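Note sheet for the following structure.
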Number of protein chains: 2
Amino acid sequence: MTVACVSRKTKPGARRKLVLDQFAPYRIVALGHAISGRLARAYRDENITIPEWRVLAVIGEANEVAARDVVKRTPMDKMTVSRAVASLEQKGFVKRAPHKDDRRVSMLSLAPEGQDVFDRIAELALAFEDDLMSTLEPEEAAAFRLALEKLEEKARLNGQVE
Amino acid sequence: MTVACVSRKTKPGARRKLVLDQFAPYRIVALGHAISGRLARAYRDENITIPEWRVLAVIGEANEVAARDVVKRTPMDKMTVSRAVASLEQKGFVKRAPHKDDRRVSMLSLAPEGQDVFDRIAELALAFEDDLMSTLEPEEAAAFRLALEKLEEKARLNGQVE
DNA sequence: CCAAGTTAGTAACATATGTTACTAATTTGA
DNA sequence: TCAAATTAGTAACATATGTTACTAACTTGG
């Protein structure tokens, strides 16, 4: 157990100036934006939006899920998911099957064409990840992933309150 | 001898399965989303949108800038900036002054009230950053910031192509 | 049972954001 | 010197996204 030493480099009471380039939350959001834009190319060629891709990915990972599970596993609200699913079904990428004993729920699965699309995008996405992360040494990358996890945990917890 | 089966060794092009929770780009975007949501509370109380806050921050940092400079320094396109500036001017937070010798350009600066708003939000934002980053040990935090920088560089460069 | 509450999903509306195309001002270069 | 290209900024349109509130299907507790 480590001692939570919240030391900062600045003196207590000294008012820091906010400088965007050194403001970590901003840097993280900006990086996310850049990444989204970069990945968007892979979706665009398949006529898939970002929410649609996320839905595809969750189904592709779990084989059969309900829409509510997609909501739990991604940063999208249920309306966004609902729209994405409707569009994917329309395109013939996703199938709905009635839930065994809850008629409100449909179970989602990939149609053959949806599986193909998923595979193609997944390949590009993984290649992008490799390329991106190759800028970091292996230990750096591992540390980065760990830090991401901790920060997300923290950000989500705080988000819970109100 | 015959080749029995597919090697499991990871090599370039080898097919991994895409698992969202282990897919770094997704984790980064998700963290960005969580952070945005968390910070939004500070803006909301001041009736400031995220693009408006970014504009305020850039002006607050540089004292006098043109809108185009805001575009260069943030992940927003010029229309988004234009709207944010218009709104901020309407609210009396930002002033426009004609550029010395280019009549297309207005120089933006903070009105006194804008400075107040900026100061209040900046204080909350810095406190949030402290809280967020306190989950990391000082060396972890430093490594994380460095990694962020490298990744952003890489993501932006790739974004250039095409 | 069955009234009250909860949950899954969607419709309808409001707002936000991106895209295209335009105006006006400036720069370029033949 | 002036036609063509570039740049700053905005308008108008299309699309995407969030919010509220609703329906239908379940669950619960008396």
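Side chains included, hydrogens not; waters and symmetry mates left out as well; all remaining heavy atoms used. Since the structure is predicted, the reported quantities are computational estimates derived from the model, not experimental observations. Letters go in sequence order (proteins before strands), and every chain restarts at 1.
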Report task. Classify the nucleic acid contact of D69(A) as base, sugar-phosphate or nothing, counting any heavy atom under 4.0 Å across all strands shown. Result -> nothing

Report task. Pick base, sugar-phosphate or nothing for S106(A), based on heavy-atom distances below 4.0 Å to the nucleic acid. Result -> sugar-phosphate

Closest to side chain of [X], choosing from [options]:
{"X": "R83(A)", "options": "dG9(C), dT10(D), dT17(D)", "value": "dT17(D)"}
{"X": "R104(A)", "options": "dG18(D), dC26(D), dT17(D)", "value": "dC26(D)"}
{"X": "T80(B)", "options": "dC26(D), dG18(C), dT26(C)", "value": "dG18(C)"}
{"X": "R96(A)", "options": "dA25(D), dA11(C), dG9(C)", "value": "dG9(C)"}

Nearest-Å distance for atom pair [atom1]/[atom2], residues [X] and [N]:
{"X": "D101(B)", "N": "dT7(D)", "atom1": "CG", "atom2": "P", "value": "17 Å"}
{"X": "D102(A)", "N": "dT23(D)", "atom1": "CG", "atom2": "P", "value": "19 Å"}
{"X": "R68(B)", "N": "dG9(D)", "atom1": "CZ", "atom2": "C1'", "value": "11 Å"}
{"X": "M76(A)", "N": "dG9(C)", "atom1": "CE", "atom2": "C1'", "value": "15 Å"}
{"X": "D77(B)", "N": "dA21(C)", "atom1": "CG", "atom2": "P", "value": "16 Å"}
{"X": "K78(B)", "N": "dT6(D)", "atom1": "NZ", "atom2": "P", "value": "14 Å"}
{"X": "E52(B)", "N": "dT17(C)", "atom1": "CD", "atom2": "C1'", "value": "14 Å"}
{"X": "N47(A)", "N": "dT15(D)", "atom1": "CG", "atom2": "P", "value": "13 Å"}

Requested in this report: Check the pair M76(A), V71(A) against side-chain contact (heavy atoms from CB on, under 4.5 Å), reporting the backbone distance first and the verdict last.
Outcome: CA-CA 6 Å; M76(A) 299 188 285; V71(A) 173; over 6 Å; no

Query raised in the report: Under 4.0 Å between a side-chain N or O of S82(A) and OP1 or OP2 of dT10(C)?
Result: yes

Query raised in the report: Do S134(A) side-chain atoms and D131(A) backbone N/O form a donor-acceptor pair below 3.5 Å?
Result: yes

**Report entry** Heavy-atom donor-acceptor pair, D119(B) side chain to D116(B) backbone, under 3.5 Å
**Finding:** no

Query raised in the report: Out of K154(A), R27(A), R16(A), which one pairs with E129(B) under the salt bridge (charged side-chain N to carboxylate O under 4.0 Å, His left out) rule?
Result: R16(A)

Query raised in the report: Is it the case that E153(A) and T135(B) place a side-chain donor and acceptor less than 3.5 Å from each other?
Result: no

Query - Most 5' of P51(B) and A67(A) on DNA chain C, judged by nearest nucleotide - result: A67(A)

